[in-house]
2 protein chains.
Amino acid sequence: MSRKRWRTVKEIRIADVARLAGVSTATVSRVLANPDMVRSKTHDLVMDAVRRSGYTPNSVARNLRTRRTMTVLVVVPNLANPVFAQILRGIDDELTQSGYGLVIGNLDNCTEREARYVDLVRSRQVDGILLMTGRLPGDGTRHMGEAGLPIVAMCAAIPDGRIPNVVVQDREASRAAVHHLASLGHKRLGYISGPLGNVIEGERFAGFLEGLADAGLGQQDFVRWEGRFIFAAGVSAAENFLRLKNRPTGIFATCDESAIGFLKTVRANGVRVPEDVSIVGFDGIEFADYTEPTLTTFRQPLHELGRAGGHVLLNMMRGEMRPEDWNVRLPLTLLARDTTGPVSAGVRRRRMSEA
Amino acid sequence: MSRKRWRTVKEIRIADVARLAGVSTATVSRVLANPDMVRSKTHDLVMDAVRRSGYTPNSVARNLRTRRTMTVLVVVPNLANPVFAQILRGIDDELTQSGYGLVIGNLDNCTEREARYVDLVRSRQVDGILLMTGRLPGDGTRHMGEAGLPIVAMCAAIPDGRIPNVVVQDREASRAAVHHLASLGHKRLGYISGPLGNVIEGERFAGFLEGLADAGLGQQDFVRWEGRFIFAAGVSAAENFLRLKNRPTGIFATCDESAIGFLKTVRANGVRVPEDVSIVGFDGIEFADYTEPTLTTFRQPLHELGRAGGHVLLNMMRGEMRPEDWNVRLPLTLLARDTTGPVSAGVRRRRMSEA
DNA sequence: CCTAAAGATGTAATCGATTACAAAGTCGAT
DNA sequence: ATCGACTTTGTAATCGATTACATCTTTAGG
């Protein structure tokens, strides 16, 4: 029961270093921040004192005075989704290069948690914000905007306002997914959505519809299952699929987790992939290469996306924003693997006899 | 090219609120921090001024004065590993309940990055540390310790020093894994390790050896492959496995990723699971339930682990640490699924004729 | 009604850095 | 040696809150 045993290490202030070096605190501060503003002899004197005392500046004090924290907030919908972990790496790489740190705001798919991070912003603890929440600007997002800080929207092209968007080409990729399936002869499709109301989901569904139109297919030629970017969504979609008389032969899931849940569930019920049904995922997570058969999917340039987002935010924070940098839309790559194949003769025959 | 358009929102200071309410800044501060220290009439007066002005305290200033940031640092080896995302949720739940925020230090399996977070600690930006780096106390860890802050070691029972350990029963679970395989008749085992030098890996290997001893098996009865808690480790272990004349029949991988990499690779080469080889993983990640066949593994109580770690740290920060709370070791749960089965007659026969 | 104790509020010091401004030092040209 | 221009350093204000201490009010007890 030892109270207050912590923080017993003596705190060294800039004044201590100044005394040790025989100069003023201003000089110490300058040595550390603008080394070429002081005579090199003084510089060495001070650096020696810094070393001997083991001084590290108190950045809370510095932040107060400079009114900057060199920290940015990254709001993530769900850290358990490996997609975000990858994007974070990209952001981190870009920001630390410029001396910025990042604090991660994990919403855990739970809207109310946004409030917590609004506080972080309003209380001046961060210099900028990277928003990956896919919802339309809600209360939380709006409040953050009101703080007047630089914001970059990632994973969600917010049309309104002057917030730059750094995103992937969701719409184009979805369209390409339909094209991929259609070119293999699939005419009846299944669509496993993301959370309704999510901006990304909107983009992907729009692309899906565009793809249908390209292929000369219409609204009556597909089934839509509602999902939430998780395994379970694919499982329940599959359960419904199994009960259908007139099953789709090509499935497009807007995330790999759902695709894998679907894949696993239909196979457990005797459906062959890709002979009976083809599946295309979205994201290109590592695990998609370890399913059986390996999942056909679109790989997001996650690391690059993170870097791009960080880069734009840095520019904004430096006030060096140029219009041509405002919006970035990175392309995805089709990984054509083993869950997609041509419509089999069997399926064609059965469907014909039904007609 | 608009410089300095940001941070244009007028900053409201506590002095503004004080003026608006006709009281002193001290009173405003007290209303916000110790509401029952002021007369209720004054309280209302001030709160009204706060609301009208939209005031939010500048927490940088507060942190400087109070010498606390209400923030803790969580050092994670690799955010891309979903295991850590889950633990983080537990930590977050526990800490935010007490008003603490957390900053995540992602090492990305890269030791040098530790330095970055040492700075964070030394510059007084956090009040406590949760260490999940599995290495033995190295430079970084030591430096953090020197700052005199409360530290809790998770995922790594650091024997030296007075740092509490909040961990899972790695050793016992590994031992149980061997027992599980041995009870199915497996006598020749394969072990896919974590990174050598990692504390957790040490525990798990020790448990593995204990399990061998329990089963009356010795050092000559197993093959050890070096891994790094990633898919690829399982793949290369499998590639080696396939070249062996005298193959193990039971594999224990110290993480699910490796187990899955192994599973996928041997099956792609015609090896049947569990008929030809049984596989046990470790962690219980969600994916492990989506492989084919589903992976037998040990589930870590990740959320509980996170909560426990946060709880101990909170106690330390409050100076309310009692010895009996210092070390926590949570049990794992065997999820006996489909990658493990009895040694098949075929394998037994073949091995006999070899003898 | 008076006094002491308790309660509420205000004044000003404080946390530890950065930086505007002033002062002192350096140097070369005259 | 003197002047000005430039470089280097020091002094003290500042960032925006919290809080020790002083002061003023209220309450309770006699």
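So that the names make sense, note that chain A is the first sequence line, chain B the second, and so on, each numbered from 1.
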What is the separation between atom CD on Glu11(B) and atom P on dG16(D), rounded to the nearest whole Å? 7 Å

Of Val166(A), Leu107(A), Ile91(A), the one forming a side chain to side chain contact (heavy atoms under 4.5 Å, CB included) with Met132(A) is Ile91(A)

Within a radius of less than 6.0 Å around CZ of Arg113(A), do more than 12 heavy atoms belonging to other residues, nucleotides or ligands occur? yes

Just the rounded figure in Å: distance from P of dT9(D) to CG of Leu45(A). 10 Å

Under 4.0 Å from OP1 or OP2 of dT11(C): is there any side-chain N or O of Ser24(B) that close? no

Can you tell me if Thr27(A) touches the phosphate of dG10(D), counting only side-chain N or O atoms and a distance under 4.0 Å to OP1 or OP2? yes

For Thr56(A) and Ser40(B), take the nucleotide of DNA chain C holding the closest heavy atom to each; which residue's nucleotide lies nearer the 5' end? Ser40(B)

Below 4.0 Å: OP1/OP2 of dT9(C) and any side-chain N or O of Thr42(B): yes

Quick one: the side chain of Arg30(A) and the base of dG10(D), do they pair up donor-acceptor inside 3.5 Å? yes

Could you work out which one of dT18(D), dA17(D), dT8(D) sits closest to the side chain of Arg39(A)? dT8(D)

At under 4.0 Å between heavy atoms, what does Thr66(B) touch on the DNA or RNA strands: base, sugar-phosphate, or nothing? sugar-phosphate

Earlier contact from the 5' end, DNA chain D, for Thr25(B) and Val23(A): Val23(A)

May I have the distance from Arg13(A) (atom CZ) to dG16(C) (atom P), rounded to whole angstrom? 6 Å

Would you say a side-chain N or O of Arg67(B) is under 4.0 Å from OP1 or OP2 of dG16(C)? yes

Can you check side-chain contact (heavy atoms from CB on, under 4.5 Å) on Leu32(B) and Tyr55(B), steps first, answer last? CA-CA 11 Å; Leu32(B) 264 29; Tyr55(B) 170 68; 3.7 Å; yes

Just the rounded figure in Å: distance from C1' of dA17(C) to CG of Asp16(A). 13 Å

Only one of Leu88(A), Asp92(A), Leu130(A) forms a side chain to side chain contact (heavy atoms under 4.5 Å, CB included) with Ile104(A), so which one is it? Leu88(A)

Kindly indicate whether the side chain of Arg65(B) and the base of dT14(C) share any N or O donor-acceptor pair separated by less than 3.5 Å? yes

